[in-house]
Amino acid sequence: MSDSNERNAAANGAADEKVKTNFIEAKINKELAEGKYNGRVHTRFPPEPNGYLHIGHAKSICLNFGLAQKYKGKCNLRFDDTNPSKEETEYVDSIRNDVQWLGFKWDNEFFASDYFDQLYAWAEKLIIDGKAYVDDQTAEEIASQKGTPTKAGEFSPYRDRTAEENLKLFREMKEGAYKDGEKVLRAKIDMASSNMHMRDPIMYRIMHKPHHRTGDKWCIYPMYDYAHGESDFIEGITNSLCTLEFEVHRPLYNWFLDQIAEDGTERPEQTEFARLNLSYTVMSKRKLLQLVKENYVNHWDDPRMPTITGMRRRGFTAASLRNFAETIGVAKRDNVIDVALLEHSVREDLNKIAPRYFAVLNPLKVIITNYPENQTEEMELINNPEDETQGSRKVPFTREVFIEKDDFMIDPPRKFFRLGPGREVRLKGAYIVKCEDYKINEATGEVEEVYCTYDPETQSNTGQGSRKVKGTLHWVSCEHGLDAEVRIYDRLFMDEDPDGHPDKDFKEFLNPDSLQINTQAKVEPAIQNAKPFDHFQFQRIGYFNLDLDTVKEKRLIFNRTVPLRDSWSKKK
RNA sequence: UGUCCCAUGGUGUAAUUGGCAACACGUCUGAUUUUGGUUCAGAAGAGUUCAGGUUCGAGCCCUGAUGGGACAACCA
């Protein structure tokens, strides 16, 4: 390599801000260098429309679409709809929404069912070539002949049917001459293969079920292994990315391509990566469906769900999810990602974009005894110290305000920077107040009211700042505050790995306190005009968004997306 | 008692054709702060599962072991 090339490489590296290349990018770089695929990169995201997408799919979406962007290639959205018994249009719509919301545009939208005719034609070709046969046995019989990973399988008694007979039977299957399960089409490969998937896998099964797109045109449907690679081939996919459990399917993927792709034709290559596992949650569609169906959560978009729609409702941003995907990277080793990383990526985004508001979750009344009754001052508060363009707002201040119960202690420890008898704090954006007295509710024994005096010289807006106090509290005017419901979410499961216990059902680990509803919260009036999904930071508490139910129920309902980092409560 | 895949701080991911193990999260200090947030400065934490081999030199290559995972649906 010449000096100038070295310099260029170094310069390019610097321009890329040392973005790490994962093993898939390394593979693509190599392909590009070799001139493979004529420099094309074409990926696809191929969900089966049988459920809602979750954060694990988000990883795959970001990977596939991200690669297409990075290499100026293309990415298709393809619905892998080869099993009409599980698939529904509702899911197709939700998948489109989720991908779009994440911020990606697909170059083409396809369905595996678009290729049913072609797939059928190729199946006939395989029959004619003596590479496929119709088997009349039951599922049980076929299974029992399959052998085990350590023991070879046996031949089906129907394995040696002539091409003519197979063709005739296969056509009859297609025409509906047989009932479900009476016959299947099998690829004729190797019953002794050490790879179970190569032991004459089933290509077509009979299903007299209407399909969400092809209606009742078909009563035979191709299996995943047959349909997937051929679909990739039809679409000109270069890199077919999937998760690790498909690793053993790859030889079969390639075998089917061998049957239809002429020598020298460019064909897709399957590459597997490790799926995402998140601590304290489950990720399989089956289990998520169970949580929905058995009402452990409200729906797929329940804010506690790891679904994309649930996380959106919870208040996660698309940018934070994309960022998260970037951060966790992609590799081949099994992983469990700490939810703290996910929380970090939302906070990072929300800190920059979310306007600040005052909200008191557990109100305690403070009466400022030397402040005029019936007086209201409009205090000017900065909306977002991280973003000047968000400007400021007016917050009404009155003689009686609510503060957080946690912010007052009768007998506070040394490092408690909040309110207590004889102590001073600043009410943020307003005045410094001093606690003179408090009243205890005789029935409950709890502090009911706190009496303070304020120092008129310390008004924030007039720029008087000579005096400093250690603590600053948020507050809401009793007179002007709005009632709100706040939904506080905690992890759905109490165990780090709910499905890591073979002897126990994952539902045993459900967290009974994953949702706490607070109906006594008070929020400042400026939040009145917020719209569902708007993000906020309730100062000193956390990030919240306005829930969808606000519209339906005509009252303010907030979701806690994630609490603020809190180095105080940790020390206690 | 088969085949295939994987193995780097607590977690996740890096480390160009072998060349002093890096980054992020988390943790802990300190500073700043009208958010116990943010920001800033710093620290601790792995010698790359183990044992051999090749090499001047191995996290990268080879051999073997150990540990973990995948595979026997007419699911995808």
Side-chain angles (χ1 to χ4, degrees), chain A residues 1 9 13 18 20-22 26 46-48 50 80-83 85-87 135 138-139 142-144 146-153 180-186 193-197 199 201-207 220-221 223-225 227-228 242 244-251 272 274 279 285-286 326-338 340-345 347-348 351-352 356 358 381-382 385-386 415-418 425-430 432 458 460 465 468-474 537-543 563-571:
Chain A
M1 189 188 273
K18 44 180 166 175
K20 306 174 197 170
T21 49
N22 59 53
E48 181 187 15
N50 68 344
D80 232 332
D81 55 349
T82 56
N83 184 354
S85 69
K86 291 164 70 180
E87 295 147 8
D135 196 327
T138 64
I142 290 175
S144 72
K146 199 138 194 177
T148 68
T150 54
K151 186 169 158 277
D180 288 8
E182 278 189 349
K183 285 182 167 47
V184 289
L185 182 71
R186 290 229 254 169
S193 172
S194 56
N195 183 337
M196 298 295 288
H197 296 277
R199 321 245 263 226
I202 291 168
M203 293 173 62
Y204 271 90
R205 77 285 216 186
I206 300 170
M207 277 180 122
I220 58 172
Y221 293 94
M223 299 287 288
Y224 164 86
D225 281 309
H228 199 90
C242 61
L244 245 32
E245 64 270 29
F246 291 99
E247 210 152 27
V248 281
H249 294 243
R250 190 171 358 122
E272 310 85 11
S279 58
K285 276 189 194 170
R286 207 195 91 239
E326 184 65 36
T327 309
I328 60 174
V330 47
K332 294 193 74 159
R333 91 181 81 136
D334 294 323
N335 61 79
V336 182
I337 277 115
D338 192 334
L341 198 51
L342 185 59
E343 293 180 349
H344 169 262
S345 59
R347 288 195 187 106
E348 189 181 40
N351 178 48
K352 287 180 299 191
R356 274 59 170 168
F358 285 164
L381 272 290
I382 302 291
E386 308 295 319
K415 292 242 177 156
F416 187 76
F417 306 145
R418 308 180 190 182
V425 294
R426 173 172 290 280
L427 295 178
K428 187 176 172 68
I432 292 178
T458 57
S460 292
K468 296 240 181 217
V469 286
K470 188 73 184 164
T472 304
L473 307 186
H474 61 281
Q537 184 195 100
F538 288 166
Q539 289 216 302
R540 302 210 304 131
I541 304 176
Y543 294 102
L564 247 33
R565 278 188 64 197
D566 181 5
S567 51
W568 162 243
S569 65
K570 259 183 238 159
K571 284 179 184 163

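Every chain is numbered from 1 and lettered A, B, ... according to where its sequence line falls, protein lines coming before strand lines. The structure presented is a predicted model; accordingly, all values stated were derived computationally and were not measured.
- For A76(B), the OP1/OP2 oxygens have a side-chain nitrogen or oxygen of Thr82(A) closer than 4.0 Å.
- Ion pair Lys285(A)/Glu48(A) not flagged as a salt bridge, since none of the NZ, NE, NH1 or NH2 atoms sits closer than 4.0 Å to an Asp/Glu carboxylate oxygen.
- Under the side-chain contact (heavy atoms from CB on, under 4.5 Å) criterion, Asp338(A) pairs with Ser279(A), Ala340(A), not counting sequence neighbours.
- Between Arg286(A) and C75(B) there is no side-chain polar atom (N or O) within less than 4.0 angstrom of OP1 or OP2.
- Taking all atoms of both residues into account, the shortest heavy-atom contact from His474(A) to Ile541(A) is NE2-CD1, 3.8 Å.
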Quiz prompt | Secondary-structure notation, RNA chain B, from Watson-Crick and G-U pairs under 3.5 angstrom (| other strand) | solution = .((((((..((((.....[..)))).(((((.......))))).....(((((..]....))))))))))).....
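- Residues Thr327(A) and His344(A) have side chains not in contact (no heavy-atom distance under 4.5 Å, counting atoms from C-beta outward).
- Contact annotation: the side chain of Glu87(A) never approaches that of Asp80(A) to less than 4.5 Å [non-hydrogen atoms, C-beta and beyond].
- Across the C1' atoms, A65(B) and A46(B) are found 23 Å apart, a figure rounded to whole Å.
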Exercise. Assign a letter to each nucleotide of nucleotides 36-43 of chain B from its 5' end: B, base within under 4.0 Å of a protein heavy atom; S, sugar-phosphate only; -, no contact.
Key: BBS-----
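- What separates CZ of Arg426(A) from P of U34(B) is a distance of 9 Å, to the nearest Å.
- Side chains of Arg426(A) and Ser460(A): a donor-acceptor N/O pair is present below 3.5 angstrom, by distance only.
- Nucleotides U48(B) and G19(B) have their C1' atoms positioned 16 Å apart, rounded to a whole Å.
- G47(B) takes the syn form, because its glycosidic angle lies no more than 90° either side of 0.
- Out of G12(B), U34(B), C5(B), the shortest distance to the side chain of Ser460(A) is found at U34(B).
- Distance CG/Leu381(A) to CZ/Arg356(A): 12.0 Å, rounded to 0.5 Å.
- Between Lys468(A) atom NZ and U32(B) atom C1' there is a gap of 10 Å when expressed in whole angstrom units.
- The interatomic distance linking Arg199(A) (CZ) with C74(B) (C1') rounds to 18 Å, in whole Å.
- For Phe246(A), the ring-ring contact (aromatic ring centres under 6.0 Å, His included) criterion is met by Tyr224(A), His249(A), not counting sequence neighbours.
- To the nearest whole angstrom, the two P atoms, one in C74(B) and one in G69(B), are 25 Å apart.
- Separation of the C1' atoms belonging to C6(B) and U49(B) is 12 Å when rounded to the nearest angstrom.
- Comparing the C1' positions of U11(B) and G45(B) gives an interatomic distance of 13 Å, to the nearest angstrom.
- One can place NZ of Lys151(A) at 17 Å from P of U3(B), the figure rounded to the nearest angstrom.
- A heavy-atom distance below 4.5 Å is not found between the side chains of Pro201(A) and Met223(A).
- Using a 4.5 Å heavy-atom cutoff, the side chains of Lys415(A) and Trp568(A) are in contact.
- Remark: the separation of the P atoms in U16(B) and A7(B) is 15 Å, to the nearest Å.
- Comparing Thr327(A) and Phe538(A) by the nucleotide of RNA chain B whose heavy atom lies nearest to each, the residue mapping closer to the 5' end is Thr327(A).
- Under the rule for a ring-ring contact (aromatic ring centres under 6.0 Å, His included), Tyr543(A) has no partner lying at least two apart in sequence or in another chain.
- The interatomic distance linking Ile382(A) (CD1) with U35(B) (P) rounds to 12 Å, in whole Å.
- Between A24(B) and G30(B), the two C1' atoms lie 22 Å apart (nearest whole Å).
- Contacts of Val330(A) with the nucleic acid, taken as non-hydrogen atoms under 4.0 Å apart, involve only primed sugar atoms and P, OP1 or OP2.
- Side-chain atoms of Gln539(A) and Thr472(A), non-hydrogen and from C-beta on, never get closer than 4.5 Å to each other.
- Following rounding to the nearest Å, Glu326(A) (CD) and G12(B) (P) show an atom-to-atom distance of 18 Å.
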Just the table, please: protein N/O against nucleotides 68-73 of chain B N/O, every pair under 3.5 Å.
{"unit_1": "C71(B)", "atom_1": "O2'", "unit_2": "His197(A)", "atom_2": "NE2", "d": "3.3"}

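- The gap from the C1' atom of C60(B) to that of U8(B) amounts to 11 Å, rounded to the nearest Å.
- Among the protein residues, Asn22(A) comes within range of the sugar-phosphate backbone only, with heavy atoms under 4.0 Å from sugar or phosphate atoms but none that close to a base.
- Phosphate proximity of C25(B) to His344(A): present, with a side-chain N or O under 4.0 Å from OP1 or OP2.
- Remark: C1' of C25(B) and CG of Asn335(A) are 14 Å apart, rounded to the nearest angstrom.
- Looking at heavy-atom distances under 4.0 Å, Ala139(A) makes contact with a base.
- Within the 4.5 Å cutoff, the side chain of Leu564(A) has heavy atoms near those of the Gln537(A) side chain.
- You'll find the side chain of Asp334(A) reaches within 4.5 Å of the side chain of Leu244(A), heavy atoms only.
- Counting atom types as modelled, Thr150(A) pairs no side-chain N or O with a base atom of U1(B) as donor and acceptor under 3.5 Å.
- Residue Arg333(A) places at least one side-chain N or O under 4.0 Å from the OP1 or OP2 atom of U8(B).
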